[in-house]
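Scroll down for the structure; my scribbles are underneath it.
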Amino acid sequence: MKKPKWVVQKEQDKKAEANATLWLFGLHAVRDALVNPAREKLTLMVTPNAQIKLEEAIAEAGITPQVVDPRKFHPPIDPGSVHQGAVLEVKPLNWGRLEDVCIGDSAPRVLLLDRVTDPHNVGAILRSAEVLGASAVIGTRHHSAPETGALAKTASGALERQPYLRVRNLADAIRALQNMGYLVLGLDGEATQTIEAAVEGKRDRPVALVLGAEGPGLREKTRETVDALVRIDASGQFGSLNVSNAAAIALYATKDHS
């Protein structure tokens with residue numbers, strides 16, 4: 001009996017996922033990946049100068065690098081990428097299930113990204129999430145930035161330490177978080193309620209903040225699923241804020257400052 005098309009597609013997607021690799025570049029991103037025991041490392045290419053700078057990390061990873069003359073250093077990445085003489089082929093990280101990373105702290109906070117596709121924005125959000133103590137950043141399998149060298153470079157090492165999950169369906173993830181006791185707030189510049197007002201008296205609860213892409217904002221389905229729509233209390237319009245800046249401000253606003 002012939003398999004249905006959707007079954008074949010699912011099997012092909014699973015196989016492609018299992019075989020997927022990415023190239024990290026830049027001294028910072030490569031060093032942090034080398035010393036991350038959870039990161040499966042495949043191929044390291046360095047110039048002699050970069051090898052010296054990464055000496056300790058290379059020893060810790062136990063990997064033998066391919067040392068290449070700078071004039072012949074043409075790694076399989078975008079020629080415009082600033083690689084600083086170091087590239088590392090790796091497997092994507094596996095952070096496990098939503099439940100694995102969103103239960104733990106007394107009042108954890110997570111960020112959900114609704115169609116935020118720019119790797120530089122996601123990288124910057126991962127940095128803010130790490131600095132401000134978010135449990136996870138959650139995007140979708142489709143319509144969100146996958147792990148790439150550009151994302152890793154912008155994240156400046158945070159990609160190796162900050163859980164970044166990509167789920168099939170954002171509304172399902174929101175409902176799962178609500179079932180775990182999360183207060184789920186969607187950021188919308190037109191909302192009447194501020195973030196601070198929404199979390200007043202509830203700072204002991206876990207909070208999830210949902211951010212949309214600049215321009216289109218949150219999808220209708222997302223707006224319907226969250227517990228409340230909130231805005232950043234600012235003198236200007238929320239629309240003028242970059243999504244990564246908005247993520248940082250929202251995380252800070254929901255922090256328990258007591």
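We use all heavy atoms of the structure for the numbers below, so side chains are in, but hydrogens, waters and symmetry mates are not. What you see is a predicted model; the values in this text were computed from it and never measured.
- Both Val137 and Leu151 belong to a common hydrophobic cluster when Ile, Leu, Val, Met, Phe, Trp and Tyr are linked at side-chain heavy-atom distances under 4.5 angstrom.
- Between Asp69 and Lys72 no salt bridge is recorded (no basic side-chain N to carboxylate O distance below 4.0 Å).
- Under a cut-off of 6.0 angstrom, the local environment of NZ in Lys41 is crowded, with over 12 non-hydrogen atoms contributed by other residues, nucleotides or ligands.
- Among Leu209, Leu211, Leu177, the single residue meeting the side chain to side chain contact (heavy atoms under 4.5 Å, CB included) criterion with Leu112 is Leu177.
- Shown are Thr225, Leu218, Asp114; of these, the side chain to side chain contact (heavy atoms under 4.5 Å, CB included) with Leu170 is made only by Asp114.
- Judged purely by atom type and a 3.5 angstrom limit, Glu214 uses its side chain to pair as donor or acceptor with the backbone of Val243.
- With salt bridges taken as basic N to acidic carboxylate O contacts below 4.0 Å, one links Glu147 and Arg39.
- Side-chain atoms of Glu160 do not come within 3.5 Å of backbone N or O of Ala38 as any donor-acceptor pair.
- The residues Arg161 and Glu130 are annotated as salt-bridged, a charged nitrogen and a carboxylate oxygen being separated by less than 4.0 angstrom.
- No hydrogens or angles considered: a donor-acceptor pair under 3.5 Å links the side chains of Asn242 and Ser244.
- At least one side-chain heavy atom of Gln84 sits under 4.5 Å from a side-chain heavy atom of Lys153.
- Connection of Leu22 to Leu126 is not established within any shared hydrophobic cluster, with ILVMFWY side chains joined at heavy-atom distances below 4.5 Å, either directly or through further cluster members.
- Arg231 has no carboxylate O lying under 4.0 Å from a charged side-chain N of Asp188, or vice versa, which leaves the two without a salt bridge.
- Two residues are said to be in side-chain contact when any heavy atoms from C-beta on lie closer than 4.5 Å; Asp78 and Phe25 fail this criterion.
- Contact annotation: the side chain of Ile232 approaches that of Leu187 to within less than 4.5 Å [non-hydrogen atoms, C-beta and beyond].
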